[in-house]
Every structure is written in C-alpha cells, then in structure tokens.
Amino acid sequence: MHRPDDKGLIIGSTDELLAHAMAIEMEAAERYEELADQMEMHNNPEVAELFSKLAEIEGKHIQQVRDLGGDDELSLKTRWKYGWAEPGVSEAPDYEDVHYLMQPYHAVSLALRAERRAVSFFVEVGEQSEDEEVVAMAARLAQDERNHVTLLEEWLNILPEPDEDWADDPDPPAEG
Amino acid sequence: MDVETTQLAPKQYKSGLKPVWCPGCGDFGVLSSITRALSVLGLRREEVAVISGIGCSSRIPAYLDVYGFHAVHGRALPLATGLKIARPDLTVLVAGGDGDGFSIGGNHFMHACRRNTDLTYIVMDNQVYGMTKGQASPTTDPDWEAGKLTPGGTGINPFQPLVIALASGANFIARCSSSDPNGTAQTIVEAIQHPGFSFVQILSPCVTFRPEQRQWKNLVHPAPVEPTDDPARAARRLLTDDAYFTGVLYLGQRAPNEPVPKQSRDGIAALEEEFKVAST
Ligand SMILES: Cc1ncc(C[n+]2csc(CCOP(=O)(O)OP(=O)(O)O)c2C)c(N)n1
Ligand code: SF4
C-alpha cells in the first residue's frame, strides 16, 4: 500500500487487503485486552469487563477475516510493507483517550469512534483501487465494520450518559 | 529462558505482569512499539536486554519478557554500555524518562552519545517527573506553573535533547510520538539496525500531572524532510524545529565504538578478596 500524493490509498491485491484487515483487527483486540487490564489495575471493574467483551468481539472479527482468506503470518510480517504504520488507520482506541474513572458510556463511545475510523479506511481503499476484486472485498469489509458500528450505537443508546463531574476524584493522585 | 525458533508475535515479548501506569499514560504505547519492533526484527527473547533507570517509564523492563535490569536513577546508560561491551551479541535497549536521562543522568547521556557504543536509547519524554508526583524536569517549558516546587514556572530554558545528542556525537537521532505506536515501532527498528548510539525521543504524555499533553497527538506531525547525514544541516533542522516534528532526523556515519575487553588479570577469587569486608 502506498499514498502516492498523500491522498490516494492504494492496495494492490485482496491478499494485501486481508493482511491489512487482519492487522487492524489484531491491533484492536490486543488494545482492548490492554485497556481491560488497565481498568482492572485501577479498580474500575465495570469498564474492565466491557473492554474484555470488546476484545472478545474483536477476536471473532479476526476469525471472520481469517475465514475470508486472511493470513496471520503475512499480516504479522508485512505490517510496514503495507504502510500499516499510518496513524489514523487504526481500529483501536488511542491510549491517551482512557481515564481511570471512565464509565461504560465513554468506553463504548471510544469503540464507536474507532469502528467508524475502520469504515472510512475500507471505503477509502475501495475508492482508490482499480482492481475489481479489491473493490469488492473492501466493500464487504466496510459493510462488516458498519454492522459493528450499528451494534455499538445500540449499546450506547441504552447506557446512561455520565454526569459532568465524572472525572472528579475526592482523593486525586495529582494532589501531592 | 527457552531458545526460540520461530518469529514471535509482539504480545509474546510481554512478561504478563500488568503495568501499574495510569490509564492514558503514553508509556503503554511505547511498550507496545518496543514489542512490535522486536517482533519485526525477529529477535529471540534471549538476544535482547532492556536496561532502565528509575521513574514510571523506567519500569518498562518488568513488563517485557527479555533480559532486563532496573538500574539506579540516571545510571542506565553506563550499565548498558558495560553490558554491550561485554556481550556485543546482545541487542541492548536503554529506556527511561526525561528526568532520569537528562537531570541526574545528563552527564552520562552526553558521554554515551560521544562514546557511540551500539545502543538504542529510548527516552519517554513527558516533561515532568511522573513517579515523584509532578515536579519540573529539564525539558519542562519555563512557564509551566502547575508544579508545586516551581510556582510561577521554572523560568529557565528547557534542555534540548536532540540538539545535545547531535552536538555530543549520537549516530542516529529521531523523535516519535507514543500516540503512533506503529510509526514509533518502525523508527525503533531503524534505530536498532543503525550502528552506533541511537537516540529516540518519544513524546509520551503524563496524563496525571500534565493532562494537557493528551493533546500532543493532535500537535505532532511528520518532519517535512528526509533524514540527513550532514551534521550542519541536522543542526539547523533541530534548532528550527517546533518540538513536534517526528521521524528520523539525523543518520550519522561514525563507526561505533566496539572495544574488545582484555582478559582480566585477576580471577574472581582475587576480586572477591579485594572487596572482602573486614570482620571486626
Ligand atoms: C538518586 C535518586 N534521586 C532521586 C530519586 C527520586 N526519583 C525517582 S524517579 C525520579 C524522576 C522520574 O522522572 P522521569 O525520569 O522523567 O520519569 P517518569 O516518572 O516521568 O516516567 C526521581 C527524581 C531517586 N529514586 N534516586
Ligand atoms: S504519573 Fe504520569 S508518567 Fe507516571 S504512570 Fe501516571 S501518567 Fe504515566
């Protein structure tokens, strides 16, 4: 994959695209596992459980891409070659966006943002490619990501919105 | 440690110990980048050592399943230098914070650059002492007023680690952001592969004592230039840089310092004798 003019995003084959998709899903699964550990470490069991659940769901997505022909080895070995080193492509929430007092609403909002990023990525790949198979596979992957977005939107709708002072800690770590 | 035969996934370089860092801390991203870099290089766990000093960032060897040493504050570099000279076959990474590396360890930093031993030095720069609850560090801006020990700000010029590294003789100089773990991993790969002393400054937010650093991910941007091997061009580049450029900024051509240690004259027994505590 390369960006010839900083706008184009060209993926040359379905193998390449699936390796990319695998890498994206693997990174997301690993990130959710890490975030679950962070929350567990900081005594936020509710959000820890939610992140674990999201990690599990991403694990299923990895399997779906594998079933489409995604290759674990290829994905692992060629992350750089495929230009996977681009910020903003990731389906994983950013490390900086979590907080030890965060609530399930925040966690699902983060996941939603990350899934939307993945939709845009596959849409862009489809738009930039002239290879019919790549275009079809990108459309399929974008649709899968849209389904994940819908699921998360449903979750978010039933979660209570946090109070404005959700981050107030009566015994804050920053007070020496 | 078992000897590995196949390429490991990044996760397999983690020790399984859960980090105690604050959720949101940039050091999580750095940990992830290091494991990716080791995976890409296909290094076996027993071929790598990570040496650190003291600080939140310096806890990193505990979270990795490679050889590691959590050294004395500010002393990671001399320790790592000794290790590399004694075991040139090892890939030696040195990791820590801006306090560890540029305050108490500042002198070692300069001389490690000058010595040019084949090490990769990763500094997780959050412009604060995180572990001791938020004091100003050498890289803190002069007008940062939230530090209790420096009300009204330090009022003094921040230390310029990349410029000092260049002036002191580092052979590879790069800046990365913890918010881009894949890009950072790629730079760490290049740093490890480049011979001599490689210095990688990673902007890694301390979300607890510098919460405004959560915005760094929106400020960093790739340097609009290719790496240069010309120190004069690199100097101009580093002196005019806005502190948020990322990428490899200098690729030196100096041969690394690889002294071959002579066989010790004395055996272990003679050394033990020398260090014996006299009984009273
Ligand atoms: C000899 C000595 N002096 C002082 C300290 C106290 N101390 C522990 S960590 C630290 C600074 C940590 O800052 P930094 O290296 O930037 O790491 P961070 O915690 O921000 O990752 C200091 C001064 C110490 N442990 N040992
Ligand atoms: S205090 Fe700062 S540097 Fe230390 S773990 Fe927390 S966020 Fe990271």
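Each chain gets a letter, A, B and so on, in the order the sequences are listed, and its residues count up from 1.
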In this structure, are over 12 heavy atoms from other groups packed under 6.0 Å from [X] atom [atom1]?
{"X": "A:Arg140", "atom1": "CZ", "result": "no"}
{"X": "A:Glu46", "atom1": "CD", "result": "no"}
{"X": "B:Glu212", "atom1": "CD", "result": "yes"}
{"X": "B:Gln12", "atom1": "CD", "result": "yes"}
{"X": "A:Glu49", "atom1": "CD", "result": "no"}

### Query
Got a salt bridge between A:Glu40 and B:Lys18, using NZ or NE/NH1/NH2 to carboxylate O under 4.0 Å?
yes

Chain A contacts, top residue of B:Pro23, B:Pro211, B:Gly24 (heavy-atom pairs, under 4.5 Å)
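If we count pairs closer than 4.5 Å to chain A, B:Pro23 comes out on top.
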
Any side-chain heavy atom of [X] sitting closer than 4.5 Å to one from [Y]?
{"X": "B:Pro19", "Y": "A:Met41", "result": "no"}
{"X": "A:Glu27", "Y": "B:Arg36", "result": "yes"}
{"X": "A:Glu34", "Y": "B:Lys14", "result": "yes"}

Checklist entry - Could you give the distance from CD (A:Glu96) to OG (B:Ser178), rounded to the nearest 0.5 Å? => result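 That separation rounds to 5.0 Å.
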
Indicate the atoms forming the closest heavy-atom contact of B:Gly29 with A:Tyr95, along with that distance.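 Taking B:Gly29 first and A:Tyr95 second, the nearest heavy atoms are CA-CE1, 3.4 Å.
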
Mind listing the closest non-hydrogen atom pair of B:Arg214 and A:Val98 along with its distance?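 The pair with the smallest heavy-atom distance is NH1-O, 2.9 Å.
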
Legend entry - Segment of B:Trp21 engaging chain A (4.5 angstrom heavy-atom cut-off):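 Interface part for B:Trp21: backbone (N, CA, C, O).
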
Chain B contact via A:His42 - which portion, at a heavy-atom distance below 4.5 Å
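Side chain only.
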
Under 4.5 Å to a heavy atom of chain B? For A:Asp94 that would be side chain

